[in-house]
Structures are given as structure tokens and as C-alpha cells.
Amino acid sequence: MSKGERILDVKNIHMRFESKGICVRAVTDVSFPVMEGETIGIVGESGCGKTTLGRCIVRAYEPSEGSVQYTAADGQTIDFLQIDKATMKKYRKEIQMIFQDPYSSLDPRMTVYDIIKEPLAANFPKMPKAEMEQRIMDIAAKVGLNTSYLKRYPHAFSGGQRQRIGIARALVLNPRVIVCDEAVSALDVSIQAQVINLLHDLQKEFGLTYLFISHDLSVVEYISDKVGVMYLGKMVEFAPTKNLFEHPMHPYTESLLSAVPVADPTVQNERIPLEGEIPNPANPPSGCHFHTRCRYCCDKCKTDVPEYRELEPGHFVACHRAEELKLRGFTYDE
């Protein structure tokens, strides 16, 4: 597969959690393509379903409906959600995940060496010991970990170093796709920059494809080729990064972008605050889920679910009044 060809095709993913007669729709009918070698940013408020979506894609959760079509290294196109667990194990090494919290995602009773070794031992049990050791040493060096650290335990490291251990664990199987779930949100700003640059360098070196989940729009703008905006479990806008940041067509995206700080004291942003709280996903509003907080809300928004449609090449939006926002020409750095 050459760079730019479709590697993942997420189609109509639904994830419902049911307990004691209550159904929470964490993800509702989300679809988007992922091309090899690119980074897809997924943004939204806490509780919008972005982490759940990432876990559905790697099949850490079993989605209620939908499909994840993956074009594997051997050229076969498979649906992650239709194959059995034995077949999934064969392809698991090609799609890995970096977790949000570097403190809780590492086993405190294992050394760094054993943490990085564990995926190799599980997927390649017959790999010679010398080859396995060399692989671990090489990956540790790639992510900036001194090999003398390999005998230490996670508690001996800073947050940035722990996240590098998590990245090494994901990379050791030589994956093609990595889901980064808030991979830098728990880190200080200076450490965030180091980890983001590391991810960027690794992507160029290994041709990696990223699904980058974050609530930090500045980070997403820097690292992503395309961005999807989620609200209450639904994808409300999806577009190339430049298009989305310069010409948002959904009121929710417009409001999020207005809150991004600009590193220029002479620039005054028009802040568009969101009113109210995120609705209960167990009892979402009728019509457009965003209408209870939208300043452009009309009667149609309260009753009719907006169609998720393509208004410009590659720019999808679910809003009844998207054309008006498009004509308004909002830009977040005005």
C-alpha cells in the first residue's frame, strides 16, 4: 500500500452501554475514512465519546453496530468487528493504542524492559531472546529512553518519560496505525511539545498513521491532517485541518475555536461561550442534539435530526444552517 491510500474506513459505528434499563448512547453513527500516513484529530468536550470511539476502533470495546474496514499489510481488507478473536490477534499487532494516563496504564510491578517486552512475548513467543532484547533496546533508543532505564520501575520516572514508555510499548510490534488517546493531556506544556515532536518524527520515519484524540485544539491543529469534531456521541463536522480552523461550518466548532488562545496580545477573539451543560446521553434532546446550547437554533433544529452531508470536497457537517455559517466566514484568529 502506498502513502495516501485508504487504510481504515470507519462506518456507522454505534456504541451503547446498557445497565438496569438505562441505555447510554456513547457513540452514534460515526463514519470517516483514514488514509495511510496521515493523522486524524478527534476533538470535543469531555464525555463526547471520542475515547469510546478510539477503543471501538481497536476493538477494546465491542461496538453495538457498524464496521471498521482495515487494509492490512498483507493486502487483505478485513472488518475488525466481524472477525473472531483468533483472527483479530493476527492483526492486533498492526494497530496499537497509546493511553491517556501514563501513571495508570503502566504496571507498577513490571520493569520498563518487561513492559516493552510483553507485547513481543505475546505475539512472537518463538522470537529468539537475543533478537527480542535487541528490538527492545532499539525501540527504547528511538523514543529517547536511556537503555540504563530498562531495569527501573515506572514510579521512578516523570510523566513525560512514562509516556515515552507507553509509546515504546505501542511501537515495539512495528504497527501501522496508532490510536493516541489524549496522549499528551496529562503532561506539562514543555513536555507536551517534546512528545508531540517525537510522535511527528516517528510518523515520518516509520510511515505511521495516527488517530489523535484530544480536547486541545492547538495541539490538534499542529499535528493533524484532518479533524473530526464530536458532540454527544455524534460526529458534527469533519474536514481538512486548514479548512476546519479557517471556515468552521458547525456552531459547536465555531464556539470551540473561539476559545483557542492566540499568542498575540493585539488580537481580540470574539468569544462565543456555550450556554448550559452537555445533555444527558441517556436522554438526548430531540432533533439536533446541540440545539439546547446553540445561538443559531431555529424550530427545525428542535424537531429534525440534521443530515451529515458534504458541503465542500472533504468537508462534512451535520447542521441545518451550515450554509449560513459558511457565508458568514468566521475565522478563529480574526
- request: Mind running side chain to side chain donor-acceptor pair (under 3.5 Å) on Y70 and E94 for me, showing each step along the way?
  value: CA-CA 10 Å; Y70 170 64; E94 295 186 21; 2.4 Å; yes

- prompt: Do the side-chain N and O atoms of E118 and Y113 include a donor-acceptor pair separated by under 3.5 angstrom?
  reply: no

Which atom pairs, donor and acceptor, lie under 3.5 Å between side-chain atoms of residues 132-144 and protein residues at least two apart or in another chain?
residue	atom	partner	partner atom	Å
Q134	NE2	D138	OD1	2.9
R135	NE	V172	O	3.0
R135	NH2	L171	O	3.3
R135	NH2	V172	O	3.2
K142	NZ	E205	OE2	2.4

- prompt: Between H250 and Y231, is the ring centre distance below 6.0 Å?
  reply: no

message: Check for me whether the distance between the ring centres of F157 and Y149 falls short of 6.0 Å.
response: yes

message: Apply side chain to side chain donor-acceptor pair (under 3.5 Å) to residues E36 and T209 and explain how you reach the verdict.
response: CA-CA 6 Å; E36 186 173 32; T209 302; 5.4 Å; no

- request: Establish whether V112 and Y153 are linked, either directly or via other cluster members, by ILVMFWY side-chain heavy-atom contacts under 4.5 Å.
  value: no

task: Could you pull out all residues at least two apart from D114 that satisfy salt bridge (Lys or Arg N to Asp or Glu O under 4.0 Å)?
output: none

field: N-O pairing of K50 and E45 below 4.0 Å
entry: no

message: Go through it in stages, so that I can follow the logic: the residues are S148 and N146, the test is side chain to side chain donor-acceptor pair (under 3.5 Å), and I'd like the CA-CA distance, side-chain angles, deciding distance and then a yes or no.
response: CA-CA 5 Å; S148 64; N146 192 306; 2.9 Å; yes

- prompt: Do I116 and M110 belong to the same hydrophobic cluster, where Ile, Leu, Val, Met, Phe, Trp and Tyr are linked whenever their side-chain heavy atoms lie under 4.5 Å apart, directly or via other members?
  reply: yes

- request: Would you check, one step at a time, whether the test side-chain contact (heavy atoms from CB on, under 4.5 Å) holds for F238 with Y308?
  value: CA-CA 10 Å; F238 184 87; Y308 185 67; 3.2 Å; yes

task: Is it possible for you to say whether Y61 and V68 belong to one hydrophobic cluster, with membership spreading through side-chain heavy-atom contacts below 4.5 Å?
output: yes

field: ILVMFWY network linking F124 to I115, side-chain heavy atoms under 4.5 angstrom
entry: yes

query: Is it true that I98 and L198 fall in one hydrophobic cluster, defined by side-chain heavy atoms closer than 4.5 Å?
result: yes

- prompt: Any luck finding a side-chain donor-acceptor pair between H320 and E307 under 3.5 Å?
  reply: no

field: Between SG on residue C48 and CD1 on residue I278, distance to nearest 0.5 Å
entry: 7.5 Å

- request: Find the distance between CZ (F206) and CZ (R176) and round it off to the nearest 0.5 Å.
  value: 15.0 Å

field: Spacing of R162 atom CZ and D101 atom CG [to the nearest 0.5 Å]
entry: 8.5 Å

query: Any donor and acceptor pair, going by atom type alone, linking the side chain of K93 with main-chain N or O of L120 inside 3.5 Å?
result: no

field: Trace of the side chain to side chain donor-acceptor pair (under 3.5 Å) decision for Q203 with T39
entry: CA-CA 9 Å; Q203 183 176 42; T39 300; 2.9 Å; yes

query: Hey, are E182 and H215 close enough side-chain-wise for a donor-acceptor pair under 3.5 Å?
result: yes

- request: State which residues pass side chain to side chain donor-acceptor pair (under 3.5 Å) with Y222; sequence neighbours excluded, sorted by chain then number.
  value: N197

field: From I78 atom CD1 to S67 atom OG, the distance as rounded to the nearest 0.5 Å
entry: 12.0 Å

message: Looking at every heavy atom in both L244 and A239, which two are closest together, and how far apart are they?
response: CB-CB, 4.0 Å

